[in-house]
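Notes follow once the structure below has been shown.
Since this is a predicted model, take the numbers as computed values, not measurements. Atoms within each ligand, like the ligands themselves, are counted from 1 in listed order.
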Amino acid sequence: MMLTAIGLMSGTSLDGVDVALIKTDGRRVSALGPSGYRPYTEAERGVLRQALAEAAQLDRRDARPGILAEAERSVTIAHAEAVAAFVAQHGIANDSVDLVGFHGQTVLHRPASKLTVQIGDAQALAKAIRLPVVYDFRAADVAAGGQGAPFVPVYHRALAQSLGREGPVLVVNIGGVSNVTFIDGSDTLIACDTGPGNALLDDFVFRTIGKAFDGEGKLAAQGQVDEAWLAQALQHPFFARPAPKSLDRNDFAALGLGDWSPADGAATLTAFTAGAIAAILPLLPKQPHSVVITGGGARNLTMMRMLRERLAPASVESADALGWSADAMEAQAFGFLAARGLKGLPLSYPATTGVAFPMTGGLLARP
Ligand SMILES: Nc1ncnc2c1ncn2[C@@H]1O[C@H](COP(=O)(O)OP(=O)(O)OP(=O)(O)O)[C@@H](O)[C@H]1O
Ligand SMILES: CC(=O)N[C@H]1[C@@H]2OC[C@@H](O2)[C@@H](O)[C@@H]1O[C@H](C)C(=O)O
């Protein structure tokens with residue numbers, strides 16, 4: 001039976017809440033509905049940044065010491081507001097929605113210590129929006145020894161299967177962290193995080209010119225790549241490790257940066273993201289024919305140019321060019337994953353998170 005789900009994603013970029021409507025039975029996607037976005041206010045983002053810093057001390061996934069309790073309330077309220085505005089704007093009747101997939105905000109990801117923490121109170125959200133909420137997608141995978149990420153690959157596979165492209169397809173998501181899904185026919189699904197996405201670049205741009213991100217990659221387009229720094233940074237052992245592998249948003253934050261001008265720094269960090277994505281090619285069983293770029297990074301034209309240079313001869317297109325939505329993809333994915341979780345279908349596999357066997361997940365909070 002097809003279900004109507006609202007998916008909600010608050011990603012590692014800390015930019016806001018993405019919302020999307022999807023009709024799915026957890027295997028196929030029968031329709032994609034509208035999507036929306038509720039940005040975090042500067043004040044909310046400040047609380048989240050502090051929560052991420054304090055979360056580094058956590059050793060339990062349900063503990064909310066210090067600012068984490070306030071951050072959780074703030075995340076929950078932002079999601080409730082996001083849903084209320086979305087259903088009002090699109091005239092969606094409450095009883096036409098079967099379920100909501102609520103990722104929450106990751107504040108710490110340490111799979112080696114069997115710890116992944118997503119904040120957001122699903123029970124309070126379910127009450128506020130009067131809908132059943134599926135949440136805690138990553139916990140079961142991590143508890144069973146998986147990486148707990150990436151989780152979007154099953155959704156990428158569902159989309160790619162209806163694309164009808166010849167040869168292997170690589171879907172690259174450039175959010176705060178970047179991750180890839182390699183799809184070769186219906187049998188091969190390989191996925192992992194590849195390295196930095198926009199987070200290092202965003203943090204640098206924020207520190208140097210006070211902007212949240214490098215719009216369209218215009219700043220980077222004016223700069224020179226520091227090739228020596230880049231070559232050194234790409235020597236990090238993470239890049240040579242085979243999939244599955246995953247990252248915390250701040251895993252590369254300790255990397256010493258050069259004494260760059262804003263433009264040179266933006267160019268170098270953009271090239272770092274592109275270079276880290278290209279570093280996955282030698283680790284794949286075959287070379288992809290088509291590469292599809294999704295996530296906010298697809299709007300960064302300098303990033304797209306650098307990816308075309310490094311991924312040739314594969315074609316490199318943005319998800320939007322294929323009629324998918326680069327912005328709504330992850331929110332759609334968590335609607336899809338909510339339907340899968342409700343049906344007990346696997347959310348992760350040995351080749352996507354390294355979990356020992358296909359693993360379902362997600363808990364249900366009723367209004
Ligand atoms: N117009 C734009 N030009 C350049 N970069 C952009 C643009 N719009 C968004 N971005 C980048 O995309 C980021 C947001 O991406 P996205 O929404 O995919 O992240 P996310 O949901 O936090 O990701 P994830 O959970 O995958 O880490 C912004 O922080 C910014 O760096
Ligand atoms: C632990 C966590 O929240 N990881 C995110 C993060 O942002 C991108 C990358 O790192 C990916 O592994 C994951 O998100 C996407 C939605 C995923 O699980 O596929």
Below 3.5 Å, N or O to N or O, backbone or side chain included: is there any such pair between [X] and ligand 2?
X: E330; result: no
X: F334; result: no
X: D193; result: yes
X: H109; result: no

May I ask you to identify the nearest protein heavy atom to [atom], giving residue, atom name and distance to one decimal place in Å?
atom: atom 6 (C) of ligand 2; value: T12 CG2, 3.6 Å
atom: atom 24 (P) of ligand 1; value: T12 OG1, 3.5 Å
atom: atom 13 (C) of ligand 2; value: R138 NH2, 3.5 Å

Problem set entry | L283 side chain near I280 side chain, heavy-atom distance below 4.5 Å | yes

Does any N/O atom on [X] come nearer than 3.5 Å to any N/O atom on ligand 1?
X: M9; value: no
X: G296; value: yes
X: N179; value: no
X: D202; value: yes

Exercise. If you measure from the Lys or Arg side-chain nitrogens to the Asp or Glu carboxylate oxygens, is any gap between K343 and D25 under 4.0 Å?
Worked result: no

